[in-house]
Amino acid sequence: MPNWGGGAKCGACGKTVYHAEEIQCNGRSFHKTCFHCMACRKALDSTTVAAHESEIYCKVCYGRKYGPKGIGYGQGAGCLSTDTGEHLGLQFQQSPKPARSATTSNPSKFTSKFGESEKCPRCRKSVYAAEKVMGGGKPWHKTCFRCAICGKSLESTNVTDKDGELYCKVCYAKNFGPTGIGFGGLTHQVEKKE
């Protein structure tokens, strides 16, 4: 059936969105009444939306589903966020528990009582539950959870990972994103051939 002057299709309901009722997000159009979080159904606006591929969420549900987990990322200072959002229909990929090394000939009193802990990829020291932040599928100390280039402290909204290292979105875009004219300016010298 031909489109006789109508607008784009709504990313939520699939019906035509006319200009007067259109909200655009992540290259897609939505009706104002369809612009809801896919998990909790809370109404969204430009300040509360967080897009992931073709899905839209409120920032709370986005953080529950895709953000780092650990101490300091809960509902207040110094608490562990154990809310997985299962009551909202969110499903998470659990990282497998690391295999324990049972071949230690002389275990210390601490490791025999509490078990071995995971190592931080940045400082290579043990990461205990009270200081653990997950990022890129690995445990980090909260103080080590920083951009590898600029040293900026990272959060679920500005973290990216590449080859096992963490970067803020700005440094990632500058160092690994597209370059040249049309991508924020020239970042490489263009030589003229004579």
Side-chain angles (χ1 to χ4, degrees), residues 26 37 39-40 42 44 46-53 55-88 90-179 184 187:
N26 211 19
C37 173
C40 69
K42 183 188 296 184
L44 300 172
S46 63
T47 62
T48 60
V49 70
H52 181 78
E53 295 174 358
E55 303 169 336
I56 56 172
Y57 297 98
C58 66
K59 290 185 177 183
V60 173
C61 291
Y62 179 86
R64 286 180 183 149
K65 189 166 185 176
Y66 299 108
K69 309 290 184 273
I71 303 299
Y73 288 94
Q75 296 295 322
C79 74
L80 173 62
S81 175
T82 57
D83 181 10
T84 61
E86 289 177 2
H87 65 284
L88 299 171
L90 299 176
Q91 295 178 353
F92 301 94
Q93 294 178 354
Q94 295 288 332
S95 58
K97 291 185 179 180
R100 280 191 176 175
S101 171
T103 60
T104 54
S105 59
N106 187 14
S108 69
K109 288 180 184 178
F110 183 81
T111 58
S112 65
K113 187 173 183 179
F114 298 107
E116 294 183 32
S117 63
E118 300 171 292
K119 303 289 184 193
C120 174
R122 178 80 36 88
C123 68
R124 305 284 184 225
K125 294 182 181 177
S126 296
V127 181
Y128 300 103
E131 58 192 357
K132 183 177 180 180
V133 177
M134 292 299 291
K138 297 176 184 175
W140 300 78
H141 292 108
K142 191 168 183 180
T143 55
C144 294
F145 198 65
R146 299 181 168 278
C147 176
I149 296 173
C150 70
K152 180 179 179 183
S153 184
L154 299 172
E155 298 174 358
S156 64
T157 58
N158 67 349
V159 66
T160 56
D161 67 306
K162 180 175 174 60
D163 300 329
E165 194 56 76
L166 300 178
Y167 302 96
C168 67
K169 288 186 177 184
V170 173
C171 289
Y172 182 87
K174 284 181 184 176
N175 292 282
F176 306 110
T179 58
T187 57

Between atom [atom1] of [X] and atom [atom2] of [Y], what is the distance when rounded to the nearest 0.5 Å?
X      : Y      : atom1 : atom2 : value
Asn26  : Ile56  : CG    : CD1   : 9.5 Å
Arg122 : Glu165 : CZ    : CD    : 4.0 Å
Arg64  : Cys40  : CZ    : SG    : 7.5 Å
Ser153 : Arg146 : OG    : CZ    : 5.0 Å
Thr47  : Lys59  : OG1   : NZ    : 6.5 Å

Contact check, side chains of [X] and [Y], non-hydrogen atoms, under 4.5 Å:
X      : Y      : value
Cys168 : Val159 : no
Glu131 : Lys142 : no
Cys147 : Leu166 : no

Worksheet item: Ignoring hydrogens and geometry, is there a side-chain-to-backbone donor-acceptor pair from Asn158 to Glu155 under 3.5 Å?
Response: yes
Discussion item. Looking at Tyr167, is its backbone amide N or carbonyl O close enough to the side chain of Thr160 to form a donor-acceptor pair, meaning the two atoms are under 3.5 Å apart?
Written reply: yes
Of all the heavy-atom pairs spanning [X] and [Y], show the shortest one and how long it is.
X      : Y      : value
Lys65  : Tyr57  : NZ-OH, 3.1 Å
Ala50  : Cys58  : CB-O, 4.4 Å
His141 : Ser126 : NE2-O, 2.8 Å

Worksheet item: Any chance NZ of Lys125 has more than 12 other-residue heavy atoms, nucleotides or ligands included, within less than 6.0 Å?
Response: no
Worksheet entry | N-O pairing of Glu118 and Lys138 below 4.0 Å | no
Worksheet entry | Mutual orientation of the aromatic rings belonging to Phe145 and Trp140 [parallel < 30°, tilted 30-60°, perpendicular > 60°] | perpendicular
